[in-house]
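Order of the sequence lines fixes the chain letters, A, B, ..., with proteins taken first and strands second; residue numbering starts at 1 for each chain. The structure presented is a predicted model; accordingly, all values stated were derived computationally and were not measured.
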2 protein chains.
Amino acid sequence: MSNKTKVNRREEIIEMSALLFREKGFKATSTRDIAEKVGMEAASMYNHIQSKHEILETICFRVSDRYFLELSNIEDSDLLPLQKVQAIIRAHVKTLTLDGCYVSVANNEWRQLKDNSLIKFRETKREYEKRMAAIIQEGVEAGTIKRLNVSVILFSLLSSLRWIEYWFNDRREISPDVLEENLINILINGISE
Amino acid sequence: MSNKTKVNRREEIIEMSALLFREKGFKATSTRDIAEKVGMEAASMYNHIQSKHEILETICFRVSDRYFLELSNIEDSDLLPLQKVQAIIRAHVKTLTLDGCYVSVANNEWRQLKDNSLIKFRETKREYEKRMAAIIQEGVEAGTIKRLNVSVILFSLLSSLRWIEYWFNDRREISPDVLEENLINILINGISE
DNA sequence: CCTACCGATCGGTAGG
DNA sequence: CCTACCGATCGGTAGG
């Protein structure tokens, strides 16, 4: 069997796992569920993966890598603080439109990670929040963002962005563009001085 | 054994379950985990509960009952739409301060409900959203809330409120009062015309 | 990639 | 409220 097929098979397993983990949760999804969706026996999957946990790890860190890439680009830009926040909102909407189920799993199932993975993921989350808080702090000091508790502003933004995930799962009444526009209007106005 | 003791024992099981379900998730919590925390054998719990699922049902519907009670009071008041939204925010902060772990479980684990419970809980969620949307719609028509997509406003609010739960679990840097004040400032300003 | 199968753990019951 | 124990299911391995 060629290497390429093996890589694709692995990708297929991860993709199907992401769909099932989102739908039923990590613990409630059995390796047999995944295998059935991929079209092989559960035992056969272990030629492509090391463990069920490894699948979850792959999904979670793939998502965090992606968000960090976007954040780094925004940080390195010469945008003003409030424009950076706006760019972050856009980045979240975009990522969710493209990779909804991965983001969903990372958001809801990361607690099921084990040992070092769990510790590392927690650190990753903290770092993301810290770097976003720094942007908000800049805005506060520049006088363009309200002088409120930075953590409350931060989590108010992050939670609204997290919700978008549910939007794209359950309903699709409006387009991503309209969603983005409305959301920026609400969130930016909410924190602008 | 008196009825009173039996009721208290049941409450104890539900309380400990809520703590464990929040921490590890419903599926990842075994009846033996719960029993250990309560201080009895797993088999003994079945004198007080019917099944592990029944515990989850009790928690979820207790929370939704509570939220509906608050919402009904607010609807029946003669507050203006924007003041009603503000009252809802206060109600959420209050409930989370008092019953954080129950709310947390209802928010994150309701998907593990089965059959009729799952269907009923979904309907309950939808109704809550519908009634909150009606208040927002009133505000839009009165010209006090921005004429944006009502669903986006609704979920932007709800997701920010949902996040408070994490706040009270992980960190407690600021007091509930300051949190409430900051949050109302951000959210109300975000949607006000 | 499959068959066969493992040890562990699960939710729950019987009987006292 | 406990001991003893059940059938089912789990993640994963051995060997081909």
Side-chain angles (χ1 to χ4, degrees), chain A residues 1-21 23-60 105 109-118, chain B residues 1-21 23-60 105 109-118:
Chain A
M1 178 174 300
S2 77
N3 241 347
K4 204 187 160 198
T5 311
K6 207 164 183 181
V7 168
N8 288 345
R9 255 339 209 175
R10 187 180 147 86
E11 271 317 300
E12 218 179 316
I13 292 167
I14 292 168
E15 180 81 25
M16 295 301 119
S17 298
L19 286 168
L20 286 166
F21 292 169
E23 191 187 320
K24 319 200 315 180
F26 174 76
K27 272 275 182 181
T29 302
S30 70
T31 51
R32 282 149 179 91
D33 290 335
I34 301 167
E36 195 192 4
K37 200 139 187 167
V38 176
M40 55 169 72
E41 292 303 314
S44 306
M45 290 199 301
Y46 288 83
N47 288 291
H48 305 286
I49 58 158
Q50 285 181 16
S51 68
K52 191 188 166 194
H53 264 99
E54 192 219 2
I55 302 176
L56 184 61
E57 286 165 21
T58 305
I59 293 170
C60 289
V105 172
E109 303 299 328
W110 65 268
R111 271 164 238 270
Q112 305 296 335
L113 290 170
K114 288 217 163 185
D115 309 324
N116 281 335
S117 298
L118 181 58
Chain B
M1 176 174 306
S2 78
N3 240 348
K4 204 186 160 199
T5 311
K6 208 164 182 181
V7 168
N8 286 346
R9 257 332 212 178
R10 188 179 148 86
E11 270 317 299
E12 218 178 317
I13 291 168
I14 293 169
E15 180 80 24
M16 294 301 119
S17 298
L19 286 168
L20 287 166
F21 291 169
E23 191 187 322
K24 318 198 321 177
F26 174 76
K27 273 274 180 180
T29 302
S30 70
T31 52
R32 282 150 179 91
D33 290 336
I34 301 167
E36 195 192 4
K37 199 137 185 169
V38 175
M40 56 168 70
E41 291 302 314
S44 306
M45 291 199 301
Y46 287 84
N47 289 291
H48 304 286
I49 59 158
Q50 284 182 16
S51 68
K52 190 187 165 192
H53 264 100
E54 193 220 1
I55 302 177
L56 184 63
E57 286 165 21
T58 305
I59 293 170
C60 289
V105 172
E109 302 298 328
W110 65 267
R111 272 163 236 269
Q112 305 296 335
L113 290 170
K114 286 219 166 184
D115 308 326
N116 281 336
S117 297
L118 181 59

**Q** B:Met40 has a side chain; which of C:dT13, C:dG12, D:dC1 sits nearest to it?
**A**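 The answer is D:dC1, which lies nearest to the side chain.
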**Q** Which base, if any, makes a Watson-Crick or G-U wobble pair with C:dA14, both distances under 3.5 Å?
**A**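 Paired with D:dT3.
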**Q** May I have the distance from A:Met45 (atom CE) to C:dC1 (atom C1'), rounded to whole angstrom?
**A**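 My rounded result for the distance is 12 Å.
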**Q** Does B:Thr29 offer a backbone N or O that forms a donor-acceptor pair with the side chain of A:Lys27 under 3.5 Å?
**A**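 Side chain of A:Lys27 to backbone of B:Thr29: no pair is present.
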**Q** Using heavy atoms to find the nearest nucleotide of DNA chain D for A:Gln50 and A:Asp33 separately, return the residue whose nucleotide is more 5′.
**A**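 The residue mapped nearer the 5' terminus is A:Asp33.
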**Q** Whole angstrom is fine here: how far is it from CZ in B:Arg32 over to C1' in C:dG11?
**A**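 Answer to the nearest Å: 7 Å.
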**Q** Given atom CD of A:Glu41 and atom P of D:dG11, what is their separation to the nearest angstrom?
**A**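 Value for this atom pair: 14 Å.
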**Q** When you measure from the side chain of A:Arg10 to the backbone of A:His48, do you find a donor-acceptor pair of N or O atoms at a distance under 3.5 Å?
**A**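 The answer is yes, because a donor-acceptor pair under 3.5 Å joins these two groups.
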**Q** Can you tell me how far P of D:dG12 sits from OH of A:Tyr46, to the nearest Å?
**A**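 Atom-to-atom, A:Tyr46 to D:dG12, this comes out as 4 Å.
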**Q** Between C:dC2 atom C1' and A:Arg9 atom CZ, what is the distance in whole Å?
**A**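 The answer, rounded to whole Å, is 13 Å.
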**Q** Specify the separation, in whole Å, of atom CD1 of B:Ile13 and atom P of C:dG12.
**A**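 Value for this atom pair: 13 Å.
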**Q** Rounded to the Å, how far apart are A:His48 NE2 and D:dG12 P?
**A**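 Rounded to the whole Å, the gap is 16 Å.
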**Q** Among C:dC1, D:dC2, C:dG11, which is the nearest nucleotide to the side chain of A:Ser44?
**A**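 The closest nucleotide is C:dC1.
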**Q** For B:Ser30 and C:dC10, is the shortest distance between a side-chain N/O and OP1 or OP2 below 4.0 Å?
**A**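 So the side chain of B:Ser30 is within the cut-off, an N or O lying under 4.0 Å from OP1 or OP2 of C:dC10.
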**Q** I'd like to know whether CD of A:Glu54 has more than 12 heavy-atom contacts from other residues, nucleotides or ligands below 6.0 angstrom.
**A**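 Yes, CD of A:Glu54 has more than 12 neighbouring heavy atoms, counting only those of other groups under 6.0 Å.
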**Q** Looking at B:Glu36, is its backbone amide N or carbonyl O close enough to the side chain of B:Glu41 to form a donor-acceptor pair, meaning the two atoms are under 3.5 Å apart?
**A**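 Such a contact is absent between B:Glu41 side chain and B:Glu36 backbone.
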**Q** Could you state the atom-to-atom distance from CD of B:Glu54 to P of C:dG12 in whole Å?
**A**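 One finds 10 Å between P of C:dG12 and CD of B:Glu54, rounded.
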